[in-house]
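Data first, discussion second: the structure below is written as structure tokens.
A note on names: the letters A, B, ... follow the listed sequences, proteins ahead of strands, and every chain is numbered from 1.
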Amino acid sequence: MIDNLVIVESPAKAKTIEKFLGKDFIVKSSFGHIRDLSKKNLGIDIENNYTPDYIVSDDKKSIVKELKDLAKKATTVWLASDEDREGEAIAWHLYKVLELKPEKTKRIVFHEITKDAIQNAIKTPRNIDENLVNAQQARRILDRLVGFELSPILWKKVKPSLSAGRVQSVAVRILVEREREIMSFKSESSFKLSALFKTHKGDDLKAELEDKIKFQKETIDFLNKCKESTFKISDVAKKPGKKSPAPPFTTSTLQQEASRKLGFSVAQTMAVAQRLYEAGRITYMRTDSVNLSTLAIGAAKKEILKEYGEKYLQTRNFKTKTKGAQEAHEAIRPTFFGQSTISGTDQERRLYELIWKRTVASQMSDAILEKTTITIDISNYNKKFIASGEVLKFDGFLKVYFESFDDEGDEDMKGLLPSVNVNEELKYQLINATQRFTHYPPRYTEASLVKKLEELGIGRPSTYAPTISTIQNRGYVIKEERPGVDREYVVLNLQNNKIIEETKTEITGAEKNKLFPNDIGIVVNDFLVDHFDEIISYNFTASVEEEFDEIADGKMIWNKMIDKFYKPFHKKVESTLETSARSVGERIIGIDPVSGKNVTVKIGPYGPMVQIGNKEEEEKPKFASLQRGQHLESITLEEALELFKLPRAIGSYENKEITVAVGRFGPYLKHNSEFFSLKKTDDPLKIDLNRSIELIEEKRLKEKMRLIKTFSEDQGIQVLNGRWGPYIAYNDLNYKIPKDKNAAELTYNDCKLIIETTKASTSKKKKTKASPAKKTKVVAKKNSVKKSATKKSSTKKK
DNA sequence: CAGTGAGCGAGCTTCCGCTTGACTT
């Protein structure tokens, strides 16, 4: 017999809580949700008031069985899932699936894992909040309806296996719209003027003209005027200022800072944070709360007093401003403030230190600044030069932590200014005019996209990283770097009353680790905007969230809310299926000078492609795939025609021909019936014999390195180098080599032992041959000729 | 895995949020 069974969501949490509660309590974890809508059809009985069909998923069956057995033996079952909509639903599903008795079931909540909080929770149990559960069911069902009705439309109208959903489709939309903004952005230039003066004490003073000057002629006029001008200080203003620390980390701000400061992807950040959490180093890493427990603030206080002294202490309570935050947990913080650093991998250490610093800094004093502004009059011009400086009077929290921002501009004007007096006259040493260009709005990184989604209230801490992965896996967007282009700019220098003009070159538009929409992402987005603008609008989530809140407050019935949404939505789904044309981003880009036929681009079954002629004609059309960096919207006729020069013979090596072509997996070389992939930087249209031989030799070398050793006793056993480190291959099965063993020193008997004692993983090589790609039949009987604003030509006519 | 852009037309894909391993070459 068991006295008390407590069920929480996370196993690491279970371990901690068990310590607080003592031996009368067994604490187990449900590992998140234990069941979900069936995947057969919709998993929802539309005809029957949207009754959900819940199924315990395969990977949860053993957990459910274990919990059920324990619950039978327990006197009291405490459902301690998180205090938010999803947590309430988990409690309810547990109650149903474990067939708990109302009289022996208690629902408790706590949003910090401290002994006090937990013991308090045990003293104040409540019942499951059915309204909140219904709000979750409405959320779940709405997402299923949207996802499982929109995706199949894309399979029919664009390409199989695509997906759409309330969250991912908006994420893609944000990127596509930003890309269009960038494409249509017209950069304008103007001249930024800065001057270097000499004070009468002989100090340097750098100042900037308050406005930029638009044209070069005006700029030269201004510089000519400066020749005869006197410069006089008209004002010296000192203003106190302060900086306050940022709040402790949430999931989203942690992802942003780890991206900026450490260069982590959002998935990487979450994986490292998970390890820190499991090792008991930090609190839970999926949270939207900036709140710290009183215990944590106390511990931070102690640490600050010890390390920095009273002057640096200023405890604070931060309030969450994020739309739709549910605050079931604390902010992400160290569990022990006494450890400012930990042992672990390099990544773990760096992320931990970031969290430690941010949390400690959040409880420290403001930094005190003094800003100085010096105004300099120009005797025969009505604009002024301004020198501004900033001096740190007291560092406060900056001693520990400094927050980064995405758009960190030039900080050349910061620092201490020399002491000067009003009415003092200055001598110029140099006045410089540099042509500057307005910059298009920045492209998104993974982390800045998460920030944007959070601002819109779309997605949750547990889904940010998976959403970012999904839109990349579907091919809608790609994270990559792109080289910039050279741009000339003019520099004018006035020195010794002479103006010298120079033209310089800079690289502009280079991007690193940015998200770019692919053609398929653009086509899918345009299709969804055309037909389901409301669902993928930026405020759709916010407006349904309001309704979920009303359900949670008991002011709205969940299936009525769903019905109100579903009826018109489903009608739109059906009419779209019936009437809309196939949408493949087709565009006629010109006429082939050789055949006189139309050259068109569109999304083909294998991705973006270009085509000469069309099916209806007697002669079959010719096809070619677009290459990296080429886009349906922007490819020119010349570039397209180039693609038909493949496959191309490059020369011969070892008496065999080398040819280059583009296949299903990108550009490749063929030599002696072997294939060699080209690198990202190689252009199949330009690659020469030398580079080709280099690639061939490189692959051969890699093949050689793959084999670490074999044994004369049994040629079937091979020790190989793989993507995840060395492993043993034997009988088409693979075996991991234990970490404490050195692969190169393994003996035959060692290998036999590993094979016998460790679990094998199947090698993928033996998989059944992939069936050729197939296309779903187009249902549209009549192609209504549609024209969207962005497509330059109409789709096919019949 | 490697030159396709379809045919008779099965049978498959897909959502968002909660949680971790198991698994991959």
Phe675(A), nearest nucleotide to its side chain (from dT13(B), dA2(B), dT19(B)): dA2(B)
For Lys65(A), side chain to side chain contact (heavy atoms under 4.5 Å, CB included) partners two or more places apart: Asp69(A)
Any Arg474(A) side-chain N or O less than 4.0 Å from OP1/OP2 of dT14(B): yes
Those residues that, when tested against Lys622(A), pass salt bridge (Lys or Arg N to Asp or Glu O under 4.0 Å) (two or more places apart): none
Residues that Glu546(A) engages under salt bridge (Lys or Arg N to Asp or Glu O under 4.0 Å), provided they are two or more places apart: none
Those residues that, when tested against Lys656(A), pass side chain to side chain contact (heavy atoms under 4.5 Å, CB included) (two or more places apart): His671(A), Asn672(A)
Ranges pairing with ranges for DNA chain B, where each run has three or more Watson-Crick or G-U pairs under 3.5 Å: none
Phosphate contact (dT20(B) OP1 or OP2) by Ser10(A) side-chain N/O below 4.0 Å: yes
Partners passing salt bridge (Lys or Arg N to Asp or Glu O under 4.0 Å) against Arg275(A) (at least two apart in sequence or in another chain): Glu348(A)
Those residues of residues 457-464 of chain A lying under 4.0 Å from DNA chain B by at least one heavy atom: Gly459(A), Arg460(A), Ser462(A), Thr463(A)
Euclidean distance, atom CE of residue Met609(A) to atom C1' of dG3(B) [Å, nearest integer]: 14 Å
Ring centroids of Phe148(A) and dT14(B) base under 5.5 Å with planes under 30°: yes
Set of side chain to side chain contact (heavy atoms under 4.5 Å, CB included) partners for Asp82(A), sequence neighbours left out: Glu9(A), Lys13(A), Asp84(A), Ala328(A), His329(A)
Residues in side chain to side chain donor-acceptor pair (under 3.5 Å) contact with Gln136(A), at least two apart in sequence or another chain: Glu86(A)
Glu534(A), CD atom: more than 12 neighbouring heavy atoms under 6.0 Å: no
Under the side chain to side chain donor-acceptor pair (under 3.5 Å) test, residues paired with Asn539(A) that sit two or more places apart: Ser537(A)
Contact residues, residues 163-171 of chain A to DNA chain B [heavy atom, < 4.0 Å]: Ser163(A), Ala164(A), Gly165(A), Arg166(A), Val167(A), Gln168(A)
Results of side chain to side chain donor-acceptor pair (under 3.5 Å) for Glu545(A) - residues two or more places apart only: Arg85(A)
